[in-house]
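First the structure, in the form of structure tokens, and then the observations on it.
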Number of protein chains: 2
Amino acid sequence: MEKKIFNKFLKERGQKFTKERSAILQRIFSYHGHFDTESLYLKIRETGLKASRASVYRTLNLLRECGLIEKVTKTEHGTIYEYTFGHEHHDHMLCIGCGTIIEFYSEDLERLQENICRRQDFKGVTHSLEIRGYCKRCQKNKK
Amino acid sequence: MEKKIFNKFLKERGQKFTKERSAILQRIFSYHGHFDTESLYLKIRETGLKASRASVYRTLNLLRECGLIEKVTKTEHGTIYEYTFGHEHHDHMLCIGCGTIIEFYSEDLERLQENICRRQDFKGVTHSLEIRGYCKRCQKNKK
DNA sequence: ATTGATATTGAGAATCAGTCTCAATTATGG
DNA sequence: CCATAATTGAGACTGATTCTCAATATCAAT
């Protein structure tokens, strides 16, 4: 399914659906969640498939343009992406203690943001809300 | 005022309030808004004061630990900070067209976030909401 | 003010994510 | 199968940020 979408996207731009791009897409799909560039690259190597770092970076940019993945955040150790195709929009809580990412969605929050944009004559395209703090488990461990 | 706070912070950690740190703090204070590391460094050079890039980076980290400034976002061209001491908490809209940053604050938004955290047993510490889109002017220019 | 112990500075080296180069390779439509 | 144009990968490059370390500055105690 996502293969079809990517393929169509590439064709429209006169670009090619190569082995490498296919391998990268497959691996990303296997995450069903968040991932960073380097571990994606390593995972591809592990599984015997091949794709250079350069190709991984290039393909991630293509997939982003095509709308299948999104940048979640930039950390000191690189960019974190998530596979968004077929996933509803959501925001993130990031646990400072253990790095866990919790996804959440709030209809009220979305509506409120639309109102805020309207008030400022701002045309919102995307947004990202990241709440940093401590997850249930890390709160316990601190005590 | 902010000098006092920084000074106290440094003393508590057995660190020193140097000419360079003073110069950097002064320049940051003169922004009263957002700034990035490189333009801060250049501004310091311009005004005849001196501080190396290394010192600027080091001091920004200290000021962040001390709570006087905060990272707003990481872009491809470096980290953007803002002077937060004495400023109310707020969130940001970032214009994709011209890079303008619009600050806004919504009591409802804050309350809603607290509710969401409570529901997930998550103890929120900080959050950042960034809405990317087009400001009034850039919407006009596109037409 | 002098001293001494310690923190800081700056210039440039080092690091690290990400992009670019370019010759060799591959996908794709006909 | 061919021709053409896109892609690949290794490594060079870039740009932000951190690190190194010898020279210097700070500060508390004298």
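What's counted below: heavy atoms across the whole structure, side chains too, no hydrogens, waters or symmetry copies. A, B, ... follow the sequence lines: proteins, then strands. Residue 1 opens every chain.
Between the side chain of B:Arg58 and the base of C:dG10 there is at least one donor-acceptor pair of N/O atoms closer than 3.5 Å. For B:Lys16 against D:dA25, no side-chain N or O and base N or O form a donor-acceptor pair under 3.5 Å.
The phosphate of C:dA7 (OP1 or OP2) has no side-chain N or O of B:Thr18 nearer than 4.0 angstrom. At the phosphate of D:dT17, OP1 or OP2 sits under 4.0 Å from a side-chain N or O atom of B:Thr37. Contact annotation: B:Lys19 does not reach the phosphate of C:dT9 (side-chain N/O to OP1 or OP2, under 4.0 Å). Close to C:dG18, at under 4.0 Å from its OP1 or OP2, lies a side-chain N or O of A:Tyr57. For A:Thr79, no side-chain nitrogen or oxygen approaches OP1 or OP2 of C:dA17 to under 4.0 Å.
In this entry the distance linking OH of A:Tyr41 with C1' of D:dA10 reads 10 Å, nearest Å. The separation between B:Lys50 atom NZ and C:dA11 atom C1' is 13 Å, rounded to whole Å. The nearest whole Å value for the distance from the CD1 atom in A:Ile24 to the C1' atom in D:dT7 is 11 Å. Rounded to a whole Å, the CZ atom of B:Arg53 is 8 Å from the P atom of D:dA16. Rounded to an integer number of Å, the gap from B:Glu76 CD to C:dC20 P is 12 Å. Summarising the geometry, the separation between CD on B:Glu20 and P on C:dT9 is reported as 5 Å, rounded to the nearest angstrom. Between the CG atom of A:Asn7 and the P atom of D:dT7 there is a distance of 12 Å, given to the nearest Å. Distance CG (A:Leu40) to C1' (C:dG18): 14 Å, rounded to an integer number of Å.
Of the candidates D:dT8, D:dG9, C:dG18, the closest approach to any side-chain atom of A:Arg21 belongs to D:dT8. Among the nucleotides D:dA6, C:dG12, C:dG18, the one closest to any side-chain atom of A:Gln15 is D:dA6.
Position along DNA chain D of the nearest nucleotide to B:His77 versus B:Phe17 favours B:His77 as the more 5'-ward residue.
Surrounding CD of B:Glu107 are more than 12 heavy atoms belonging to other residues, nucleotides or ligands, all under 6.0 Å away. Residue-environment remark: NZ (A:Lys74) exceeds the threshold of 12 foreign heavy atoms within 6.0 Å.
Atom SG of residue A:Cys138 and atom CZ of residue B:Phe122 lie 9.0 Å apart, to the nearest 0.5 angstrom.
In this structure, A:Lys43 satisfies the cation-pi test against A:Tyr31, with its NZ or CZ atom closer than 6.0 Å to the six-membered ring centre and inside 45 degrees of the ring normal.
At the heavy-atom level, B:Lys74 lies nowhere under 4.0 Å from the strands shown. Across all strands, B:Asn61 comes closer than 4.0 Å only to sugar-phosphate atoms, never to a base (heavy-atom distances).
In summary, of the residues considered (B:His92, B:His87, B:Lys71), a side-chain hydrogen bond (donor to acceptor under 3.5 Å, both in side chains) with B:Glu82 occurs for B:His92 alone.
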